[in-house]
There are 2 protein chains.
Amino acid sequence: MIIERNMEHTDLPLVVIPACFPSMAPYLERGLDVIATKARVRMHTDMTLDLDEIMARLENANVAMTTGIHFNNAMLDALAPTLRCLTFGGTGVANFVDVNHAHDLDIMVCNAVHYGDNAVAEHTIALLFEITHKAGRLDVRTRAQGWPGSDITEIGGMTMGIVGFGGIGHRVAELAHGLGMKLIVWARHPDTETLDRLGVERADSIDDVFAKADVVSPHLALNDATRGIITARHLDMLHPGAIFLNTARAELVEQGALERRLNNGDIFAGLDVFDPEPLPDDAPLRDCPNTVLTPHVAWRSDKALAGIVDQNIRSVVAFLDGESYNIV
Amino acid sequence: MIIERNMEHTDLPLVVIPACFPSMAPYLERGLDVIATKARVRMHTDMTLDLDEIMARLENANVAMTTGIHFNNAMLDALAPTLRCLTFGGTGVANFVDVNHAHDLDIMVCNAVHYGDNAVAEHTIALLFEITHKAGRLDVRTRAQGWPGSDITEIGGMTMGIVGFGGIGHRVAELAHGLGMKLIVWARHPDTETLDRLGVERADSIDDVFAKADVVSPHLALNDATRGIITARHLDMLHPGAIFLNTARAELVEQGALERRLNNGDIFAGLDVFDPEPLPDDAPLRDCPNTVLTPHVAWRSDKALAGIVDQNIRSVVAFLDGESYNIV
């Protein structure tokens, strides 16, 4: 479906949404009115990754609002005569657009930030609950087997170890604190005020976290300094019964190390991120014991989607007003 | 297996554990040393509900440590010549023993209390996470279907409505507060200090809770005053998308009312308790949409089991010392 506003006002700039994820569509549609006070708007409500189709839809656009579309430099060159602003529904736009090349072409690139901090932190805790209380898998077993007996494990009193203390790590600490967990945190630049408020033990090293915690969850951005920062040696320091969570990036962990540690059969893992994604059908991780695997959904909450769209629309409005918001 | 201590000291009183749940056995075994300083001890490590077998095992016992065994009055009469103390691994001993009849026979009855407050409160939150974040069911789908897309719903900012504010309701309120939920509570005798500390809105009525909350969870004991206290009319007040949780007792809800409300398809439910239990294979509830069902496991945590055994052992030691602990 195509939704258009103001198309008769050919003097106004043209904002095009060439494709969108179904779950974002309602939020975008609600936001169109704001943009339509300043521009023509054309929104395609379906999702496509067909690059020819996307380029056709973006013809003459001055602003492109996109999510999940990889733009190569040839595409940017072709759009450059009219395109002045490109928004991206996420944080890591650098994986989808060569930002320097866009800047050379005088195309402003805007992303969205921190929209998912609470969603990802909650999903981290959701994985912890599924490992300890097993509600979802007991639901499946209750339907299949009638009345399966099962013991559960309490979270309160466990020690949560957090590696990295940005927006998400910070929120995980708050949620874990609220559940009666003790906290140990390692970060290069810790926020001392929050550490003190939550009564957090500050770890001397990543080793320290893995040696002392019952649950370990990394919350670091992936870059050259953090790729593989969690090694097989760290995972070997986990005590039997410990839980490793990952809602950040699979590549933070040394390749193959988690599978090897899990195959000892004495630790648990709750994972929302994989390398590669989608997780292949024959990925060794699928055969490891004691795991809860979710398909990179931690960021996809109602509020996070609304937050992304809200920030992207603010960026477009700012651009149309000659100002700037969330420029990369 | 039978574990015995001190059996050669026939002058000492005899404590018998005639049967036990496998998950309680390790905690009981660890506690035997304390009792063995004052009594002979015989522990049967298997579970049986065969009453003849149980009576044979309890022959000449002065103290019986039991869980889940229904004693009728004829059994109590037969045990009365020697039995002076009976402990029960749970709170609701009145459903298993006629306490007045036991008292008439000079048998002291002891139970365990509040051991499961945090476990049940955590499981209530676990059901909420499974409804909103679906980690367990996404795990099953990821294994079956590869890489299923899914949106999730954030808990933070939702309003949790709690009906009843004893030990468990209190703890649910603390956990929900820690997750960034707003709170509305109805209770006959609310704990004003806690309500203030957690910034709780005090509801005028149960109606008020159902009308205002996004999530409603009853935490009342079941008795003549509370049976069916939640009616079809209350459930009709839930807004579309609302969530009903029950880790207390199914009989708090008017019979059939929850199934009818769920079949509208616009609310969700997370349930750990059913009427009857085990939940029959043909129970209509199994066919209702939007439910997460767990088989009455909320109390069965590691710490709760340890707490029950700890309290029961304290009761036995107190009895042996001529004192009392947790007498019903």
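Reminder, nothing fancy here: chain letters follow the sequence lines and each chain counts from 1. From a predicted model like this one, the values you see are computed outputs, not experimental measurements. Atom set for the values below is all heavy atoms of this structure, side chains included, hydrogens, waters and symmetry mates excluded.
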Engaged part of [X] at the chain A interface, taking heavy atoms whose separation is under 4.5 Å:
X       : value
E174(B) : backbone
H177(B) : neither
V140(B) : side chain
A304(B) : both
R141(B) : neither
D281(B) : side chain

Do [X] and [Y] have side-chain heavy atoms sitting under 4.5 Å apart?
X       : Y       : result
K303(A) : T153(B) : no
L179(B) : L175(A) : yes
H296(B) : W147(A) : yes

Problem set entry | Sidechain-backbone polar pair: E122(A) side chain, I155(B) backbone, donor-acceptor under 3.5 Å | yes
Exercise. Checking R300(B) side chain against G149(A) main chain: does a donor-acceptor pair fall under 3.5 Å?
Worked result: no
For this session: Evaluate whether atom CZ of R249(A) has more than 12 neighbouring non-hydrogen atoms of other residues, nucleotides or ligands under 6.0 angstrom away.
Result: no
Problem set entry | Smallest separation among heavy atoms of L293(B) and R143(A), with atom names | CG-NH2, 3.6 Å
Problem set entry | Approximate separation, where rounding is to 0.5 Å, of L271(A) CG and T142(B) OG1 | 11.0 Å
Problem set entry | Atom group of A283(A) that falls short of 4.5 Å from chain B, counting heavy atoms | neither
Among the listed options [options], the residue most often paired with chain A at heavy-atom distances under 4.5 Å:
options                            : answer
I125(B), L305(B), T291(B)          : T291(B)
T294(B), V297(B), D151(B)          : D151(B)
A121(B), P280(B), P148(B), G178(B) : P148(B)

Exercise. Taking only heavy atoms into account, what residues of residues 130-138 of chain A are found under 4.5 Å from chain B?
Worked result: E130(A), H133(A), A135(A), G136(A), R137(A), L138(A)
Problem set entry | Residues in residues 17-26 of chain B near chain A [non-hydrogen atoms, under 4.5 Å] | S23(B)
